[in-house]
Chemist: 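I'd like to ask you about the structure that follows.
Just so you know, these numbers come straight off a predicted model, no measurement behind them.
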Amino acid sequence: MTPDILLYAELNLFCIAIQMLLAQKLHRIDKSIEQSYLISLLVGQSAMFFFDMIWVMVDGNQNISHVLNYLANILYFLSTVMCAYLCLRYVYLLLNGKEIPQRIKTLLLLPLWISTFINVCSIWTGWVFSINILNEYERGPLYIVQFLLPLVYLAADIVVIMHFRWKAVNSRLRKNAFILVGIMMLPILGATLETIFFRVRIVCVCMTIAMVAIIFDYQQLQITRDSLTQLSNRYDLLLHLEEVVAHRKKRFVYVIYADIDYFKSINDTYGHLEGDHALCHVADVLRNVCRSSGAFPARIGGDEFVIVFHEKNDEKAEKFRQNLKDAVLASSSHLPYELRMSAGMSKAEKGEEISKVLNRADAALYEEKKHRTPRSTR
């Protein structure tokens, strides 16, 4: 075994150790879907580095069976496509606050099935690669297909990120999306260099650096995110309000202060776990409505939510407020209880303190609650 191979094996083991350490640290933070997606991505990348290391160690070694060389190559190529898919799955969840719809997920698995088919068939056809009598790896005529398959997922990552950046409601979110694009480009750069310069092996380093950056960004997000509903928290809300009020242009800034009517009775009747489910259900409704209109939803504690949005006049702002309430009510038709929201609204005046805007909206909320209808039962 040459010094170059030993050095490369050590580099891969070092990257694997970093990824496993990151996975262990994440495991101790929480049990969210986003965290589980990140851990699966870290484990997938570690597997990819391991198979790549095994291949480098057995390639050209005539004392080792050709079968091990074939197996190492097939598993390495499949893991590259799988990691790219796992990355897309995480990015979609991160930016959209929900998992990829099942019908789209089925379609997105197609490149993985194609990779599995052409790589397994390569044992007999040599489509992607072949192993010669000296137990040496040789590229096949369809290697470029295998190279492009993970790039399809990474390109989809960039499309999702740029679409989010275009629709982001503040410059801070747009900046974060732009940084995420840069992070996604690192593995693409490494893979391109490896394809052009056959003996250059830097993908593991590029991917490890990208994962460190992603996890750092993930932990930063936890500071500004409500752990239950995954909406922005009070801290992030205040940052957003300061920005939009200071940089208000043609449209006015409105703030809606809302809570769930008779939420205590849901907890008392169905239990606190069902109460948490109701909060997440309302958060999903607010997230969907706000996403289509460029509004900013946040949960600031208990069953209280705040929505910040822009509108041209009071009439349109009132229509948006009513649409939010109607959407929450309509979404509870399949639940064993009715979900209604009371919502007070205020308009931010130029140069006005944020606390005064929130206080007026809060006062309007409690004024509306005086006239709320009794909760219906099912």
Chemist: Using 0.5 Å steps for rounding, measure from the CD1 atom of Ile18 to the CZ atom of Phe14.
Modeler: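 Nearest 0.5 Å value for the CD1-CZ distance: 3.5 Å.
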
Chemist: Tell me whether Ile33 is reachable from Ile100 by hopping between hydrophobic residues (I, L, V, M, F, W, Y) whose side-chain heavy atoms are closer than 4.5 Å.
Modeler: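 Looking at the clustering, Ile33 is in the same group as Ile100.
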
Chemist: Give a yes or no on whether a salt bridge exists between Lys264 and Asp303, defined as a side-chain N under 4.0 angstrom from a carboxylate O.
Modeler: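 Salt bridge: no.
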
Chemist: Please indicate whether Glu353 has more than 12 foreign heavy atoms, meaning atoms of other residues, nucleotides or ligands, lying under 6.0 Å from its CD.
Modeler: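 12 or below, so no.
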
Chemist: Val306 and side-chain contact (heavy atoms from CB on, under 4.5 Å): which single residue from Asp362, Leu238, Ile256, Ile300 fits?
Modeler: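 One option only clears the test, and that one is Ile300.
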
Chemist: Does Glu315 CD have over 12 foreign heavy atoms under 6.0 Å away?
Modeler: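 Check fails, neighbour count at 12 or below.
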
Chemist: Taking the inter-plane angle between the rings of Phe77 and Tyr137 on a 0 to 90° scale, is it parallel (under 30°), tilted (30 to 60°) or perpendicular (over 60°)?
Modeler: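 The arrangement is tilted - the two ring planes meet at 30° to 60°.
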
Chemist: In terms of ring plane angle, is the pair His240 and Phe296 parallel, tilted or perpendicular, where the classes change at 30° and 60°?
Modeler: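 Judged by the thresholds at 30° and 60°, the geometry between His240 and Phe296 is parallel.
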
Chemist: Say you draw a straight line from CG of Leu71 to CD1 of Ile131; how long is it, rounded to the nearest 0.5 Å?
Modeler: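 Here the rounded value is 11.0 Å.
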
Chemist: Work out which heavy atom in Leu42 is nearest to a heavy atom in Leu26; give both atom names and the distance.
Modeler: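 Heavy atoms of Leu42 and Leu26 come nearest at CD1-CD1, 3.8 Å.
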
Chemist: Taking side-chain contact (heavy atoms from CB on, under 4.5 Å) as the test, write out the residues that go with Asn323, two or more places apart.
Modeler: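 Per chain and number, Asn323 pairs via side-chain contact (heavy atoms from CB on, under 4.5 Å) with Lys319.
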
Chemist: So does Tyr8 have more than 12 non-hydrogen atoms from other groups sitting under 6.0 Å from OH?
Modeler: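 Buried by this count: over 12 neighbours within 6.0 Å.
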
Chemist: Looking only at heavy atoms, which two atoms of Phe51 and Ala72 are closest? And how far apart?
Modeler: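 The answer is CB-O, 4.0 Å.
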
Chemist: Could you check whether the rings of Tyr70 and Phe129 sit parallel, tilted or perpendicular, using 30° and 60° as the cut-offs?
Modeler: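 Judged by the thresholds at 30° and 60°, the geometry between Tyr70 and Phe129 is tilted.
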
Chemist: Let's go through Glu338 and Tyr262 carefully: what are the C-alpha distance in whole Å and the side-chain angles of both, what is the deciding distance for side chain to side chain donor-acceptor pair (under 3.5 Å) to 0.1 Å, and is it a yes or a no?
Modeler: CA-CA 10 Å; Glu338 188 178 71; Tyr262 306 104; over 6 Å; no

Chemist: Hey, can you tell me if Phe252 and Tyr254 have their rings parallel, tilted or perpendicular (30° and 60° cut-offs)?
Modeler: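 Aromatic pair Phe252/Tyr254 classed perpendicular.
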
